[in-house]
Every structure is written in C-alpha cells, then in structure tokens.
Amino acid sequence: MTSQKPILIIAGPTAVGKTDASILLAQEWGAEIVSADSMQVYRGMDIGTAKPTPEQRKLVYHHLIDTADPAQPYSVGDYLRDARNAIDGILQSGGTPIVVGGTGLYIRALMRGLFHGPPADMDLREQLLRKETESGEGTLYADLARLDAESAVKIHPNDLRRTVRALEVFYLKDRKMSDLQKEHGFKDKPHDFRLLFLVRSRSELYPRIERRVDQMLEQGLEHEVKMLMLKGYTRDLVSMQALGYSHFIDHFNNKASLEETIELLKRDTKRFAKRQFTWFRREPDARWVDITGLGKAGEIVAQIKKTIEIPDTLV
C-alpha cells in the first residue's frame, strides 16, 4: 500500500528526548507509533533499552515493541517486513503512523528498501569465524578494510556479525558489497517519508546520557540483566550485546567492578550516540532539528512543528 500523505520519522541519538516528544505529538495527531529501535523488539529487556513505560503505551499505541524473544534472531529484513505491515495496517484503518527510533539501519531500510545479497553460506561463515579465532580478534575486520574499505567504514570494528556478512558477500559474488548496494540504489520507496533527526549540543546531551544511565540503575537494570541470565540468555546473543546488558554480564562474570561497569556503560553510551550522529550525517534526506535548551516535550514538539511547517497532508 502506498500512502498519499507523508509519514514522519523522528530519529535522534539516545537520550535526546524522542520518546516523550513523539508520544505528545502522537496524542495531538491521534497517531500510532511504529518503533525503529533494534533492541526494543526484545521481550524482557525494558529498562536497558529505555522502552516507553506501560503508562506511556496506554496513551499511544506502539508497534514493534516486545515482538521477539531475546534468543530469537531478528534481522533488518524482519524489521522491514513487520514495520511495513504495521504502517500499512494503520493507513488502511485511516490512521496516522509516526516512526520513532534511533537505529539508522532500520530507518534506512524502511525509507529505501533493503539490499538482498546472496543466501548465507554456513560453511564459509564457519571458515571465517575459525580464522578470527585462530588469528585473533580484529582479523576479519582488517580483511574487510583491505577488500572493501567502503563497507568497513560503515561497520563498527566490534560488529563481527556484519563483518562476516560483508566478507561472505565478497567471496560469494567476487564483488564488493558496497558496489552491489550502489547498484541496488535503495530505490524501493513505497511511502513518502519525512526524516527528522533531533540533536542537542554535546555539552547538553552527554549529561542527559549520564542521568539516563543513573535512572536505569535506580529502576533496576542490574536485576533485569541478572534475571535474563538466569533464564539462560548468554552474551553471545545479539540481544545481550546491547548497551547495559553486555556490561552487566561482564560484571557478573567478575570482569569489572560495579563502579567500573557504570563508568564503562556511560562512556560506551556516549560513543554510541556519536555513531548515531555519524550515521545520520550520511542520510541525504534527513533534516536536523536542534533542540538544545529545550527540556519539555511540548517545546520539542513545537520545534518539530516549526521545522516541518505542518503541511495538511501530514495529519
């Protein structure tokens, strides 16, 4: 289904203020929210992923939250399918969807479609992983940087899963994944999306991140991670590599003290926010909305409205 009216996407770095503002805006518009957060899809991971509270979700219906078990693989392809189904369902019922989140890959796929490479080759993946184990951490990323530097720039050095996939595509197709993606062009655009990226000055965002981490600790993040571990969820799962969860798993395995864990979590969350800025700088259609100095949700909503000038076709 192709929408006749633009669909707003509210993106931004962690702790910038997306949740409260988007809920207020959705209430004003009578809209439903479609999440674009790669970790909020997992059930039982509530505090560390900063999910909207049950009270907030009663105010506005949220899609794509609590849709997968932490042990269940959930790919960007799964997200694209589920998000499009959610958006189409909202539109068919005469409603208004608003997409909210900070996972750049999810948002890019939603806006432009997804590049489908060759099917997974499990034997090749096993060979690659064996090489990483035998030759040392970072070996495969170094290979990727040599063979497909453009893809390597887009992948974090610690993201072994995506590194393996990029190398798999290279060896199976004898071509760079970045070249194949350019040919694809990400031209699958069933809807007219309007992407806003909320930003704050670093001097304002970083203290907000530190307060966010402190609040998570007060709300029981440590206990939440412990309960997930008792259910058998281990650090090698994609879900358990999320910020906070991986940190406390290391703490429980005596790799870091509680004080060190908290400091590392704050540091790594700031680094994550920086990577989100870097990602969205590459999005040509993103309009940056500076909300520095705006603390209340109503103020942020007013700035959003001012930026998009509220065309009649949007609501």
Side-chain angles (χ1 to χ4, degrees), residues 9 11-14 36-39 73-81 83 99 101-190 193 195-197 199 238 241-243 268-288:
I9 300 177
T14 184
D37 187 298
S38 63
M39 292 301 159
Y74 193 86
S75 67
V76 63
D78 294 325
Y79 174 78
L80 179 59
R81 176 200 64 224
V99 179
T103 302
L105 185 59
Y106 278 14
I107 291 171
R108 179 179 294 172
L110 188 58
M111 292 179 68
R112 299 188 182 88
L114 190 63
F115 163 73
H116 295 284
D121 185 316
M122 302 313 295
D123 290 337
L124 176 56
R125 289 188 178 185
E126 186 177 341
Q127 292 174 28
L128 291 170
L129 291 172
R130 188 183 306 120
K131 180 177 181 179
E132 178 83 356
T133 300
E134 294 174 352
S135 300
E137 184 177 343
T139 298
L140 294 184
Y141 187 80
D143 287 348
L144 181 61
R146 175 173 51 84
L147 297 171
D148 186 358
E150 192 170 344
S151 289
V153 168
K154 300 176 182 178
I155 298 174
H156 191 274
N158 295 336
D159 194 337
L160 183 59
R161 181 172 59 91
R162 292 182 62 202
T163 299
V164 167
R165 177 55 178 165
L167 287 171
E168 179 184 45
V169 171
F170 179 85
Y171 289 125
L172 290 175
K173 302 291 288 186
D174 196 26
R175 293 189 62 194
K176 299 177 183 178
M177 187 166 73
S178 57
D179 289 342
L180 293 171
Q181 288 174 333
K182 286 176 185 175
E183 290 179 7
H184 172 266
F186 297 99
K187 297 174 182 176
D188 181 9
K189 301 179 181 180
F193 290 104
L195 172 60
L196 299 184
F197 185 70
V199 297
V238 172
Q241 293 171 23
L243 288 167
D268 291 344
T269 305
K270 292 172 187 175
R271 290 180 175 178
F272 175 63
K274 186 177 180 180
R275 292 198 298 274
Q276 289 175 299
F277 274 97
T278 301
W279 179 282
F280 284 96
R281 282 196 187 99
R282 300 194 187 107
E283 288 297 330
D285 298 326
R287 295 188 66 179
W288 286 42

J.: If you round to the nearest 0.5 Å, how far is CG of Leu129 from CG of Leu124?
T.: 9.5 Å
J.: What are the two closest heavy atoms between Leu80 and Ala109, and how far apart are they?
T.: CD1-O, 3.4 Å
J.: So Thr133 and Arg130, do their side chains get closer than 4.5 Å, heavy atoms only?
T.: no
J.: Give the C-alpha distance, both sets of side-chain angles, the deciding distance and a yes or no for side-chain contact (heavy atoms from CB on, under 4.5 Å) between Glu137 and Leu160.
T.: CA-CA 9 Å; Glu137 184 177 343; Leu160 183 59; over 6 Å; no
J.: If you look at every heavy atom in Pro119 and Leu172, which pair is closest and at what distance?
T.: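 Nearest pair, atom of Pro119 first, then Leu172: O-CD1, 3.7 Å.
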J.: Checking Asp37 now: which residues fulfil side chain to side chain donor-acceptor pair (under 3.5 Å) with it, not counting sequence neighbours?
T.: none
J.: Has the side chain of Glu132 got a donor or acceptor atom that lies under 3.5 Å from a matching backbone atom of Gly138?
T.: yes
J.: Closest heavy-atom contact between Asp268 and Leu243?
T.: CB-CD2, 3.8 Å
J.: Tell me, do Phe197 and Pro13 make a side-chain contact under 4.5 Å, heavy atoms counted?
T.: yes
J.: What's the separation between atom CZ in Arg146 and atom CG in Leu167, rounded to the nearest 0.5 Å?
T.: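 These two atoms lie 9.0 Å from each other.
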J.: What's the spacing between Phe193 CZ and Arg108 CZ if we round to 0.5 Å?
T.: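 It comes to 14.5 Å.
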J.: If only atom types and distance count, is the side chain of Asp143 paired as donor or acceptor with the main-chain N or O of Leu140 below 3.5 Å?
T.: no
J.: Give me the atom names and distance for the closest heavy-atom approach of Gln276 to Gly102.
T.: NE2-O, 3.1 Å
J.: Enter the distance from Lys274:NZ to Lys270:NZ here, rounded to the nearest 0.5 Å.
T.: 12.5 Å
J.: Take Leu147 and Tyr171 through the side-chain contact (heavy atoms from CB on, under 4.5 Å) test and state the conclusion after the steps.
T.: CA-CA 10 Å; Leu147 297 171; Tyr171 289 125; 3.5 Å; yes
J.: Taking atom NZ of Lys176 and atom CG of Leu144, what is their separation to the nearest 0.5 Å?
T.: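 Answer rounded to 0.5 Å: 10.5 Å.
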J.: Verify, without hydrogens or angle tests, whether Tyr141 (side chain) and Ile155 (backbone) share a donor-acceptor contact under 3.5 angstrom.
T.: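 It does hold such a pair.
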J.: Hey, what do you get for CG (Asp159) to CZ (Arg165), rounding to the nearest 0.5 Å?
T.: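 With rounding to 0.5 Å, CG (Asp159) is 13.5 Å from CZ (Arg165).
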J.: Count the heavy atoms of every other residue, nucleotide or ligand shown that sit under 6.0 Å from CG of Asp174, and state whether that count exceeds 12.
T.: no
J.: Looking at Trp288 and Phe280, what are the two nearest heavy atoms and their distance?
T.: NE1-O, 3.8 Å
J.: State, to 0.1 Å, how close Val99 and Ala36 come at their nearest heavy-atom pair, and which atoms those are.
T.: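 Answer, listing the atom of Val99 first, then Ala36: CG1-CB, 3.9 Å.
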J.: Tyr79 vs Ser38, test: side-chain contact (heavy atoms from CB on, under 4.5 Å). Steps then yes/no.
T.: CA-CA 8 Å; Tyr79 174 78; Ser38 63; over 6 Å; no
J.: Quick one: does Glu168's side chain have a donor or acceptor within less than 3.5 Å of a partner on Arg125's backbone?
T.: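 No; zero donor-acceptor contacts below 3.5 Å.
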